[in-house]
Amino acid sequence: MSTSASNATNNLEAFWMPYTANRQFKQNPRMFVGAKDMHYTTSDGRQVLDGTAGLWCCNAGHGRPKIVEAVQKQIAEMDYAPAFQMGHPKAFELAARLAAMMPSPLDHVFFTNSGSESVDTALKIALGYQRSIGQGTRTRFIGRERGYHGTGFGGISVGGIVANRKQFGNMLNGIDHLPHTHDLSRNAFSRGEPTNGVEYAEELIRLVQLHDASTIAAVIVEPVAGSTGVLIPPLGYLKRLREICDQHGILLIFDEVITGFGRLGTPFAVDYFDVVPDLVTTAKGITSGVIPMGAVFCAKKIYDAFMDGPDHLIELFHGYTYSGHPVACAAALATLDTYEEEGLLTRAASLAQYWEDGLHSLKDCPHVIDIRNLGLIGAIELEPIAGEPTKRAFSAFLKAYDDNLLIRTTGDIIALSPPLIISEAQIDELFGTLRSVLNAID
């Protein structure tokens, strides 16, 4: 290799990294070069405990043999098949297996390639459905403050994280937002679902009165708001949203990109909270992060509403080149096999109390103003440094990496979501390391 080619290969400048302080990173890079089970391997040979399942996605851990083998075999057999007007068996097999995991009437699946695409797909399906049933005036969406629904224009419009919106000008028209449910004054250091705050759901009634139900197509919320810092819904909150939507003919969309596939100790948050929405967006854990893929579950009434007119016509003018990609489907099927064989979709339930106790044991650490948890999700909220928001948590992130632990930070909140294969000993290690980190930072 020539000197110029070698320099080009090792030049960090060409890659504009997503959601990253690029200048800081490129001055002192943090490189992973391998991954197996619960650990990443760094470029300097250290083993880093994965406290975040990659980015909330590697639910089965890393380098799982069945998934690796399935991907290798599928690439050799058929690398790609067109998704429009053609099919391949694994897409239909996967859709049927996924639909069987959901409660009725969520029995149809539309494949995407990411959570962002799943959200935009669900929003478009909701609009198309309302038009199909003669409710074409229903074009408005209701999101929620501090909600995260990916980075497409649809997602940032219904989302409510300021930094994701402020640089990009106009959003979609006709969007409004419910208030978020984070209430430190009443719910700090809650274990599980907070007891205060169901009344936040009543704000949907106010929005219906403001806009009129005849203009509202759908409400979209994360059952547990993840990327904003793990906001757990108050007891009864999601059920109340479902009731209000039913009363006014509004579709309810759950964004389960994070909560789906075992994160709460049930297959989906739909099961954990016993609330069945009309559409569910998923991604991440569907392939345990191995291959990009997403899926939107939709109720039978929605699918059926599109199946009208001559049967040779396309019913929904929407899709992606890689919808139901053969390699992604193979990875997803092997992931579902791994989940089933190892009981991973419900394993978090057996670890939840141990996880909760370990997490809340950090209450006495410096600067901690809240701790919250559900299933195998946790958050530690830190008091911000005056005039320097996010700096304290970012310092914790850097220190944790140096101490062989991967955590995620958002604002001044540390978010935790380990692979579902984590052991009690590794939970002890995670929180032991985190205690030393919190005690060390300013």
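Since this is a predicted model, take the numbers as computed values, not measurements. FYI, the numbering just counts along the sequence from 1.
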(message) Angle between ring planes, H182 versus H180, binned at 30° and 60°: parallel, tilted or perpendicular?
(response) tilted
(message) Quick check: closest heavy atoms across I244 and A201, and the distance to 0.1 Å?
(response) CD1-O, 3.4 Å
(request) For atom NZ of K26, decide whether the heavy atoms of other residues, nucleotides or ligands shown that lie under 6.0 angstrom number more than 12. (result) yes
(request) Measure the shortest side-chain to side-chain distance between V368 and F189 over non-hydrogen atoms and say whether it is less than 4.5 angstrom. (result) yes
(message) If the threshold is 4.0 Å, N to carboxylate O, is there a salt bridge linking K90 and E93?
(response) no
(request) Kindly indicate whether the side chain of E383, heavy atoms from C-beta on, has any atom under 4.5 Å from the side chain of R392. (result) yes
(message) For the OG1 atom of T139 and the CD1 atom of I175, what is their distance to the nearest 0.5 Å?
(response) 9.0 Å
(message) Quick check: closest heavy atoms across A393 and I413, and the distance to 0.1 Å?
(response) CB-N, 4.0 Å
(message) Side chains of S118 and T112: any donor to acceptor distance under 3.5 Å?
(response) yes
(message) Please find the pair of heavy atoms, one from L362 and one from I371, that lie closest to each other, and give the distance.
(response) C-CD1, 3.8 Å
(request) Using modelled atom types only, decide if a donor and an acceptor are shared between the side chain of T52 and the backbone of G54 within a distance under 3.5 Å. (result) yes
(request) Please check if any side-chain donor atom of Q47 sits under 3.5 Å from a side-chain acceptor atom of T41, or the reverse. (result) yes
(message) Please determine whether a side-chain nitrogen of the Lys or Arg among D120 and K124 lies less than 4.0 Å from a carboxylate oxygen of the Asp or Glu.
(response) no
(message) Does D44 have more than 12 heavy atoms from other residues, nucleotides or ligands lying within 6.0 Å of its CG?
(response) yes
(request) Hey, could you give me the CG/CE distance between L94 and M293, rounded to the nearest 0.5 Å? (result) 5.0 Å
(message) Less than 4.5 Å apart, side chain to side chain, heavy atoms only: is that true for F273 and E193?
(response) yes
(request) Let me see the working for E222 and R144 under salt bridge (charged side-chain N to carboxylate O under 4.0 Å, His left out), right down to the final yes or no. (result) CA-CA 9 Å; E222 300 159 272; R144 188 167 60 187; 5.1 Å; no
(message) For the CD1 atom of I67 and the OG1 atom of T338, what is their distance to the nearest 0.5 Å?
(response) 4.5 Å
(message) Would you say OH of Y80 has more than 12 non-hydrogen atoms from neighbouring residues, nucleotides or ligands within 6.0 angstrom?
(response) yes
(message) Could you check whether any side-chain heavy atom of I250 comes within less than 4.5 Å of a side-chain heavy atom of V208, counting everything from C-beta outward?
(response) yes
(request) Kindly say whether A60 contributes a backbone atom to a donor-acceptor pair with the side chain of S288 at under 3.5 angstrom? (result) yes
(message) To the closest 0.5 Å, what do you measure between CG (L430) and CD1 (I422)?
(response) 5.5 Å
(message) Treating H177 as the side-chain partner and V158 as the backbone partner, does any N or O pair qualify as donor plus acceptor under 3.5 Å?
(response) yes
(message) My understanding is that only one of L376, L344, N59, D50 makes a side chain to side chain contact (heavy atoms under 4.5 Å, CB included) with P419; could you say which?
(response) D50
(request) Answer yes when R64 and D337 have at least one side-chain N-carboxylate O distance shorter than 4.0 Å, and no when they do not. (result) no
(request) Could you tell me whether a side-chain N or O of E117 sits under 3.5 Å from a main-chain N or O of N113, the two making a donor and an acceptor? (result) yes
(message) Checking side-chain polar atoms at under 3.5 Å, does N22 have a donor or acceptor matched by the opposite partner on T20?
(response) no
(request) May I ask you to say whether E202 pairs ionically with R240, meaning some side-chain N is under 4.0 Å from a carboxylate O? (result) yes
(message) When you compare the side chain of D176 with that of L210, does any pair of heavy atoms fall below 4.5 Å?
(response) yes
(request) Report yes if some heavy atom in the side chain of I291 is under 4.5 Å from a heavy atom in the side chain of Q74; otherwise report no. (result) no
(message) With a 6.0 Å cut-off (strictly less than), is the heavy-atom count around CZ of R131, excluding the residue itself, greater than 12?
(response) no
(request) Count the heavy atoms of every other residue, nucleotide or ligand shown that sit under 6.0 Å from OH of Y322, and state whether that count exceeds 12. (result) no
(message) A quick test of your reading: do over 12 heavy atoms of other residues, nucleotides or ligands sit less than 6.0 Å from CD of E199?
(response) yes
(message) Between R242 and D278 (salt bridge meaning N to carboxylate O under 4.0 Å), is one present in this structure?
(response) yes
(request) Taking R347 for its side chain and Y339 for its backbone only, find out whether a donor-acceptor pair lies under 3.5 Å. (result) no
(message) Please tell me whether F297 and F268 form a close aromatic pair, meaning their ring centres lie under 6.0 Å apart.
(response) yes
(message) For the CG atom of D271 and the CG atom of L264, what is their distance to the nearest 0.5 Å?
(response) 9.5 Å
(message) With a sphere of 6.0 Å drawn around OH of Y19, does it hold more than 12 non-hydrogen atoms of other residues, nucleotides or ligands?
(response) yes
(request) Ignoring hydrogens and angles, tell me if any N or O in the side chain of E256 forms a donor-acceptor pair with the backbone of A269 under 3.5 Å. (result) yes
(message) Any carboxylate oxygen within less than 4.0 angstrom of a Lys/Arg side-chain nitrogen, looking at E69 and K66?
(response) no
(message) Just so I know, are the side chains of F84 and I314 near enough to count as touching, which here means a heavy-atom distance under 4.5 Å?
(response) no
(message) Within 45 degrees of the ring normal and closer than 6.0 Å to the centroid, is that where the cationic atom of R46 sits relative to Y401?
(response) yes
(message) Would you say CE of M17 has more than 12 non-hydrogen atoms from neighbouring residues, nucleotides or ligands within 6.0 angstrom?
(response) yes
(message) I'd like to know if the side chain of R138 and the backbone of S214 have a donor-acceptor N/O pair within less than 3.5 Å.
(response) no
(request) Could you tell me whether the side chain of K36 and the main chain of G63 form a donor-acceptor pair under 3.5 Å? (result) yes
(message) Is it the case that the side chain of R165 and the backbone of I156 share a donor-acceptor pair, with hydrogens and angles ignored and the cut-off at 3.5 Å?
(response) yes
(message) What's the separation between atom CE in M38 and atom CG in L406, rounded to the nearest 0.5 Å?
(response) 10.0 Å
(request) For residues F111 and L98, determine if any side-chain heavy atom of one lies less than 4.5 Å from a side-chain heavy atom of the other. (result) yes
(message) Please check this pair: side chain of K239 against backbone of V275, looking for a donor-acceptor N/O pair closer than 3.5 Å.
(response) no
(message) To check you understand the geometry: which heavy-atom pair defines the closest contact between A379 and V230, and what is its length?
(response) CB-CB, 3.5 Å
